[in-house]
Amino acid sequence: LEKEQGQGIYRLPQDKVATDSLKRLELEYDLRKALEREEFELYYQPQYDIQNNRLIGMEALIRWQHPKQGMVSPGEFIPLAEETGLIVPIGDWVLRTACSQNKKWQDEGLPALTVSVNLSLRQFQKHNLIGDIVKTLKETGLHPRYLELEITESMAMDNIEQVIRKLNELKDLGVRISMDDFGTGYSSLQYLKKIPIHKLKIDQSFIRDITKDPDNAAIVSTILAMANHLRLEVVAEGVETTEDLQFLLNKECRHAQGYFFSRPLPKEQFKQLIH
Ligand code: C2E
Ligand code: MG
Ligand code: MG
Ligand code: MG
C-alpha cells in the first residue's frame, strides 16, 4: 500500500483485488440467503446402461437461480459454499430434495431409479453423516438401494482407515458409493483395492476426444480393465458423441452419462424423459 501511494504502480492490481473480493463478499452474502429464499433447484441428468439400452439412474446437480445474476453454475458457488461452511446446510437440502423427489417418482408409478448425490468434503467429514443419511432416508421413505453417494479421490485420501470405516457404515446401510472424477486424483491401486466403493466414474476429461486422442483411449481402456478385475462398476462421464459411445460399447463399458444422451434437466422435463 505504501508503494502504491508512493508510485502508483500497484494501483491497478490492487483495485482488481478489491473488486474481486467485493464481488466475492456479495456472492457470499447472497449465498447465505439463497436457501431460505428457495433459489436452489436440482437438475437431473440421466445415466444409461449402454449395453442394454436402459435408463438406470440420474445424477442430481444443483442450480442456483440468482435474482440478479441469473443461473450461477455450481463450479462457481460450490467452492465458496465449501470455504464458508454453507455447504453443510446446502448439502442437507440437496440430499433431502433428491431423495424425496426420487421417492415421489416411484410413488407415481415410474420405474425405480437410483439417484446420485454429490457429497462435499465437509459433508463427508461430518461426524453425524451416517445419522443424517439414515434420518433423511427414513423421513423421505426412499429405500437405501436407490441412493448413491458420489465422493472424490481427494476427499477419501486423508486418514484412510477412518474413511474406510465410514464408507463401510454407508455400505452397510445399503447405500451405493461411487468415486467421481476418477483419474484426476491420486488414488493408488493399493488404496483402490482397500476402499469399499461400488463404482468408478471416469472423469470426462478422459472421455473427451477418446477416438482421436490415443492417450485418452489407452487410459480409459486401462481403467475399464482394472475396474473389471476389481469388480467395480464403471460410468463414463461426459459422453458427447456417437463415436464416444461406440468406443465405450466396444470396450464393454457398461454405464454412461453425458450430453449425447441428455443435458441435466429440471425435474418436470426429467419426468417426461422417464415416461
Ligand atoms: P460432477 O459431479 O462431475 O458433475 C458432472 C458435471 O459435468 C455437471 O456439471 C454436468 O452438467 C456436466 N456434464 C455432464 N455431461 C456432460 C457432457 O457430456 N459434456 C460436458 N462438457 N459436461 C457434462 P455441473 O452441473 O456444472 O456441476 C459441476 C460440478 O459441481 C459437479 O461435477 C460437482 O462436482 C459439483 N456439484 C454439482 N451439484 C452439486 C451438489 O449438489 N453438491 C455438491 N457438493 N457438488 C455439486
Ligand atoms: Mg458427480
Ligand atoms: Mg465432481
Ligand atoms: Mg464428475
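All ligand and atom numbering here is 1-based and tracks the order in the structure. Start at 1 with the first residue, then count along the sequence. As the structure is a prediction and not an experimental result, all values here were calculated from the model. Computed from heavy atoms alone, side chains included, the values below leave out hydrogens, waters and symmetry copies.
- Residue side and main chain included, Glu237 places an N/O/S atom under 2.8 Å of the Mg ion (ligand 4).
- Between Trp105 and Tyr44, the ring planes lie perpendicular to each other; the angle is over 60°, past the 30° to 60° tilted range.
- Its N, O or S atom nearest to the Mg ion (ligand 2) is what matters here, and for Asp180 that atom is OD2.
- Of the charged side-chain nitrogens involved, at least one lies within less than 4.0 Å of a carboxylate oxygen, so that Glu233 and Arg176 count as a salt-bridged pair.
- In Ile90, neither the side chain nor the backbone holds a heavy atom less than 4.0 Å from any atom of ligand 1.
- Residue Glu59 touches ligand 1 through its side chain alone, judged by heavy-atom distances below 4.0 Å.
- Among the atoms of Glu150, no N, O or S atom falls under 2.8 Å of the Mg ion (ligand 4).
- The residue among Asn118, Leu61, Leu95 with a heavy atom at the shortest distance from atom 43 (C) of ligand 1 is Asn118.
- Distances from the Mg ion (ligand 2) to each N, O or S atom of Glu59 single out OE2 as the nearest.
- Taking a cut-off of under 4.0 Å to the non-hydrogen atoms of Pro264, the atoms of ligand 1 that pass are 11 (O).
- A cation-pi contact links Arg263 to Tyr259, judged by a cut-off of 6.0 Å to the six-membered ring centre and 45° from its axis.
- Distance check for Asn118 against the Mg ion (ligand 2): an N/O/S atom falls below 2.8 Å.
- In this structure, Lys33 contributes its side chain and Glu39 its backbone to no donor-acceptor pair below 3.5 Å.
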